[in-house]
Novice: 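Pasting a structure below so you can have a look.
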Amino acid sequence: MARIDLVDLAHSYGGENAAPESYALKPMSMTWRQGGAYALLGPSGCGKTTLLNIISGIVTPSRGKILFDGVDMTPLSTQRRNIAQVFQFPVIYDTMTVGQNLAFPLKNRGVPRKEIDARVAEIAKLLDLAPYLNRRATRLTADAKQKISLGRGLVRSDVAAVLFDEPLTVIDPHLKWELRSKLKALHQALNLTMIYVTHDQTEALTFADTVVVMHDGGVVQSGTPQELFDKPAHTFVGYFIGSPGMNILPARVLGREAQINGHTIKLNVAYDNLPKDARIEIGVRPEFVNVAAPGPGLLSANIDRIDDLGRVRFAQMRLGSIKFAARVPPGFSIQGNQAGLIFNPARVHVYADSRLVEGRA
Ligand code: ATP
């Protein structure tokens, strides 16, 4: 296990002299703590795999350094970095048994037989593979083969980190939940530094202690699932995390008030120094806006439909041309196609050019 530091890292597939905006990875510095469970989350093309490949040594960054426990690893190959990787598709030897597959990374490094047997038995037990240890891998389902790949990634206890690149893609949907939770338990049992790449927020939020959200080649926020939900540092995080995502509305903000379509919304804190030329927006999660009967002083919106999610109902609405979602309080019955909106001031955030601005109490 190791602490991993990325120092002034940046990467362009078009070479170091390419235009800064064309970089697949914009300049970044960050630390991955020893023994942490991280998810690298973002939409397709945001740079997740590039970052993972830089950590593993498959890609050499155009700029910056990567340190393991303070030692510069930038010029070293994947093998010299002592990293384990699990990819989207199973990487196993069909001709070997399940046990031989799990033992392979240890045998390769000359680990004594007794230690190999003990570790293989431990990993097989954690992944429910113990009954299949003597079976040939070729006869197993895609799910079982991917479990073996996970096992091979986890079997060495001396790795600097285990990197997972969308490892549940081939897993049957009903098994995904089980394996996600299993990976979390494995992290706790094995105390390895794990970095898990995914575009699926449920996978990221179930697995990780710290979720690193990427957007357009940069890290926009790194925090616990709760922090990302409560206080998105960027409008992209607000929108990408949560279902439905955060509502983002253009607004004029003065002191403790935000003006939207001529209506005033109270804010819990004051904003006195917003940058003059910035695009100002407010962000509020649908969970913190209640639908009410239209009334004087209430911002109102048109209702498109009601989504009943069982435990909670959300009204999907329009405020002019902007889509908006709000919670329908239990027992509230909607009359007509208009509703008023009641905001929870403590949960309304202000953004300048998409970045969160802290107010003054
Ligand atoms: P996905 O989930 O689709 O794999 P990602 O978030 O992992 O996406 P990357 O694969 O890291 O994103 O890609 C980041 C950017 O770099 C994209 O614009 C992509 O087209 C570009 N890119 C990735 N690999 C290469 C390559 N080998 N050569 C040139 N451009 C590349």
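One-based numbering, in listed order, for ligands and for the atoms of each.
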Novice: Distance under 4.0 Å to a non-hydrogen atom of T49: what atoms of ligand 1 satisfy this?
Specialist: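 It comes down to these atoms of ligand 1: 4 (O), 5 (P), 7 (O), 10 (O), 11 (O).
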Novice: Check whether any heavy atom of C46 sits under 4.0 Å from an atom of ligand 1.
Specialist: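 Yes.
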Novice: Centre of F324's six-membered ring, under 6.0 Å away, within 45 degrees of the axis: is that where NZ or CZ of R318 sits?
Specialist: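 No, R318 does not sit over the ring of F324.
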Novice: Which ligand 1 atoms, with their elements, are less than 4.0 angstrom from a heavy-atom of P43?
Specialist: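 Listed by number with element: 6 (O).
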Novice: Under 4.5 Å between any side-chain heavy atoms of Q146 and P167, yes or no?
Specialist: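 In short, these two side chains touch, coming nearer than 4.5 Å.
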Novice: How about R152 and N101: do any of their side-chain heavy atoms sit closer than 4.5 Å?
Specialist: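 The answer is yes; the side chains approach within 4.5 Å.
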Novice: Using heavy-atom distances only, which candidate in V59, T50, L25 approaches atom 11 (O) of ligand 1 most closely?
Specialist: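 Answer by nearest heavy atom: T50.
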Novice: May I ask you to decide if the ring planes of F236 and F240 are parallel, tilted or perpendicular, using 30° and 60° as cut-offs?
Specialist: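 Parallel, since the angle between the ring planes stays under 30°.
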Novice: Measuring from atom 14 (C) of ligand 1, which candidate in G45, G14, S44 has the nearest non-hydrogen atom?
Specialist: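 Among G45, G14, S44, the closest heavy atom to atom 14 (C) of ligand 1 comes from G45.
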Novice: Looking at atom 31 (C) of ligand 1, what's its closest protein heavy atom, distance included?
Specialist: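 Sorting protein heavy atoms by distance from atom 31 (C) of ligand 1 puts Y13 CD1, 3.3 Å first.
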Novice: Are any of the side-chain nitrogens in R279 or E281 under 4.0 Å away from the carboxylate oxygens of its partner?
Specialist: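 Salt bridge flag = yes for E281 with R279.
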Novice: May I ask you to test the H11-S62 pair for a side-chain heavy-atom distance under 4.5 Å?
Specialist: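 With C-beta onward as the side chain, the pair touches.
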Novice: Heavy-atom distance from atom 19 (C) of ligand 1 to the protein below 4.0 Å?
Specialist: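 Protein heavy atom within 4.0 Å of atom 19 (C) of ligand 1: absent.
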Novice: Counting each atom of ligand 1 from 1 as listed, which ones have a heavy atom of A24 under 4.0 Å away?
Specialist: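 Every atom of ligand 1 under 4.0 Å from some heavy atom of A24: 15 (C), 16 (O).
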Novice: Is the backbone of L127 close enough, under 3.5 Å, to the side chain of K147 for a donor and an acceptor to pair up by distance?
Specialist: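 Yes, K147 side chain to L127 backbone: donor-acceptor pair under 3.5 Å.
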Novice: Please state which protein non-hydrogen atom is closest to atom 2 (O) of ligand 1 and give its distance, to 0.1 Å?
Specialist: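 It is K48 NZ, 3.2 Å.
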Novice: Write out the residue and atom name of the closest protein heavy atom to atom 12 (O) of ligand 1, then the distance separating them to 0.1 Å.
Specialist: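 Sorting protein heavy atoms by distance from atom 12 (O) of ligand 1 puts G47 N, 3.2 Å first.
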